[in-house]
Amino acid sequence: MPELPEVETVAADLRPHLVGRTVRSCEVRFPTIVRHPDPDRFAALLTGRRIEALTRRGKYILHHLDGGDDLVLVVHLGMTGQWRCVPAGLPEPDHLHAVIDLDDGTQLRYRDVRRFGRLLLGSEEELVAARKLPRLGPEPIDPAFTAADLYRRLHVRRAPLKALLLDQMLVAGVGNIYADESCFRARVRPDRPANELSRRAVGRLHAALGELLREAIENRGSSVDDYRDAWGEMGREQHLLRVYGRGGQPCLRCGRALAVVRLAGRTTVFCRRCQR
DNA sequence: TTAAATTCCTGTAAGC
DNA sequence: TGCTTACAGGAATTTA
């Protein structure tokens, strides 16, 4: 499933191909995929706009448009969303929910089997005010985000650490895979109430998060389930995951069978011996 | 305000 | 083989 490294990979790959392109037409085939504004207005507003910049924030891809009104096309891939740029006329896959034709003959395609993803159009302020875009927490790979920042956010909360790592308002871009992996690297139990963590433990967690996410970006993300990059290719990080998807198998550090529990509604894997 | 539970959605795999 | 059922999870929404 696409988390920060996967979304970063897609955004970085698309950027050189999309910046400077103009939208010729837009067809929304599955209306509920567009969450703001209504699909007809979405298509009308988008048509004729030029993409001036492409950025990522958390798990969101932001296409900044010309026109002087700060309009942004926002894409969230949810669980199974795919955002690809292909030559127009290529055979269409199933579950294709939106198609955007560009002025160079390429086509942006939004495909999403489970339809947990979404497309938004508006200024960032408008989307946040309309509660279509959350007030995201800091970027975990931003050098300005320090261990002290993370500690300040965690030590006032009593929820299990895992639940807070998944909270996009606390820190942006972490999902189930990298939450479990960062806890393992930091040797911290994901079910510990956040306010019980020492500064030292939060320091390890902060370092683990940064290292892990940078490594995963380097490896073009984890292709578990059906994540693919903008060209339909798989990432490599899934081969390096140490706990995610390995419940019951031996811990790669100590050999003990990895525990599987349910936390914050998510399958959570950790080592009862290595993580305290 | 916070935390936990529920909902959406479909492909896959396990069980009978 | 074919059917039913459980499971996967990001985040909005609801409930406590």
Side-chain angles (χ1 to χ4, degrees), chain A residues 1-8 10-11 29-37 56-62 74-83 93-98 110-120 122 124 127-137 139-140 152-183 190-197 213 216 221-228 234 238 241 243-249 258 260-270:
Chain A
M1 40 249 50
E3 302 181 27
L4 187 153
E6 292 74 29
V7 178
E8 175 64 26
V10 171
R29 300 187 184 176
F30 199 96
T32 59
I33 284 293
V34 173
R35 303 299 177 89
H36 187 89
R56 176 195 60 75
R57 181 80 173 90
K59 301 175 194 171
Y60 295 82
I61 303 172
L62 308 179
V74 181
V75 177
H76 191 295
L77 301 174
M79 290 280 298
T80 55
Q82 296 175 343
W83 188 230
D94 49 4
H95 307 291
L96 190 57
H97 302 316
Y110 185 75
R111 174 175 189 262
D112 192 346
V113 173
R114 283 180 236 182
R115 303 206 298 268
F116 276 20
R118 64 208 57 208
L119 305 182
L120 308 166
E124 287 185 60
L127 294 173
V128 168
R131 298 172 154 258
K132 303 292 177 180
L133 198 61
R135 287 186 203 280
L136 294 169
E139 289 288 324
R152 265 195 294 278
R153 287 167 179 269
L154 289 176
H155 91 288
V156 294
R157 304 283 296 270
R158 271 166 289 190
L161 172 62
K162 169 78 175 269
L164 298 178
L165 286 174
L166 295 176
D167 181 350
Q168 303 300 299
M169 312 238 288
L170 191 121
V171 58
V174 179
N176 205 33
I177 297 174
Y178 299 108
D180 278 8
E181 292 294 321
S182 59
C183 286
D191 56 350
R192 284 275 296 281
N195 59 338
E196 289 181 7
L197 295 176
L213 294 172
S222 301
S223 287
V224 301
D225 279 344
D226 48 7
Y227 165 74
R228 296 295 183 274
M234 290 174 57
Q238 68 276 12
L241 301 179
V243 286
Y244 180 86
R246 295 193 63 248
Q249 295 178 47
L258 292 170
V260 184
V261 298
R262 200 139 180 100
L263 268 178
R266 300 285 171 265
T267 300
T268 302
V269 182
F270 69 100

Task: Whole-Å distance separating the CG atom of A:Leu77 from the P atom of B:dC9 - done: 18 Å
Task: Rounded distance (Å) that lies between atom C1' of C:dG10 and atom CG of A:Leu136 - done: 12 Å
Task: Side chain of A:Asn176 - closest among C:dG9, B:dT10, C:dA11 - done: C:dG9
- [ ] Rounded to the nearest angstrom, tell me the gap between atom CZ in A:Arg153 and atom C1' in B:dT2.
- [x] 16 Å
Open item on the list: Between A:Gln82 and A:Arg228, do the side chains contain a donor N or O and an acceptor N or O under 3.5 Å apart?
Closed with: no
- [ ] Please state how far atom CE in A:Met169 lies from atom P in B:dA3, giving the value in whole angstrom units.
- [x] 12 Å
- [ ] Please work out if A:Arg35 contacts a base, only the sugar-phosphate, or nothing of the nucleic acid, heavy-atom cut-off 4.0 Å.
- [x] nothing
TODO: In plain terms, say whether A:Asp180 and A:Arg266 are close enough for a salt bridge, that is, a side-chain N and a carboxylate O under 4.0 Å apart.
DONE: no
Open item on the list: Applying a 4.0 Å non-hydrogen cut-off, can you work out what A:Tyr244 is touching in the nucleic acid: base, sugar-phosphate, or nothing?
Closed with: sugar-phosphate
Open item on the list: Within the 4.0 Å heavy-atom criterion, would you say A:Arg115 contacts the bases, only the backbone, or no part of the nucleic acid?
Closed with: sugar-phosphate
TODO: Find the distance A:Met1:CE to C:dC7:C1' and express it as a whole number of Å.
DONE: 12 Å
Open item on the list: Check this for me: A:Arg158, atom CZ, are more than 12 non-hydrogen atoms of other residues, nucleotides or ligands nearer than 6.0 Å?
Closed with: no
- [ ] For A:Glu6 and A:Ser222, indicate whether the former's side chain and the latter's backbone hold a donor-acceptor pair under 3.5 Å.
- [x] yes
Open item on the list: Taking the minimum atom-to-atom distance to the side chain of A:Arg262, which one of C:dA11, B:dT10, C:dA8 wins?
Closed with: C:dA8
Task: Nearest-nucleotide comparison on DNA chain C, the residue closer to the 5′ end among A:Arg114 and A:His76 - done: A:Arg114
Open item on the list: Please report the distance, rounded to the nearest Å, between CD in A:Gln82 and C1' in B:dT10.
Closed with: 14 Å
TODO: Check the distance between C:dG9's C1' and A:Gln168's CD and give it to me in whole angstrom.
DONE: 12 Å
- [ ] Using only side-chain N and O atoms of A:Arg158, determine if any of them is under 4.0 Å from OP1 or OP2 of B:dA3.
- [x] no
Task: Sugar-phosphate, base or nothing in reach of A:Thr80, heavy atoms under 4.0 Å - done: nothing
TODO: Please state whether the rings of A:His97 and A:Tyr110 are parallel, tilted or perpendicular, taking 30° and 60° as the class boundaries.
DONE: tilted
Task: Gap between atoms CG and P, on A:Asp112 and B:dC9 respectively (whole Å) - done: 11 Å
TODO: Using a strict cut-off of less than 4.0 Å between a Lys/Arg side-chain nitrogen and an Asp/Glu carboxylate oxygen, indicate whether A:Glu139 and A:Arg57 qualify as a salt bridge.
DONE: yes
Task: Aromatic ring of A:Phe116 stacked on base six-ring of C:dG9, 5.5 Å, 30° - done: yes
Task: Given B:dT10, B:dA3, C:dG9, the nucleotide with the shortest approach to the side chain of A:His95 - done: B:dT10
Task: A:Gly265 or A:Arg157, whichever maps to the more 5' nucleotide of DNA chain B - done: A:Arg157
TODO: Select base, sugar-phosphate, or nothing to describe what A:Pro160 touches, counting heavy atoms under 4.0 Å on all strands.
DONE: sugar-phosphate
Open item on the list: Between A:Ala163 and A:Thr32, which residue's closest nucleotide on DNA chain B lies nearer the 5′ terminus?
Closed with: A:Ala163
Task: Along DNA chain C (nearest heavy atom to each residue), the more 5'-positioned of A:Lys59 and A:Thr267 - done: A:Thr267
TODO: Using a 4.0 Å heavy-atom cut-off across all strands, classify A:Met79 as base, sugar-phosphate, or nothing.
DONE: base
Open item on the list: Taking any heavy-atom pair under 4.0 Å as a contact, classify A:Arg118: base, sugar-phosphate, or nothing.
Closed with: sugar-phosphate
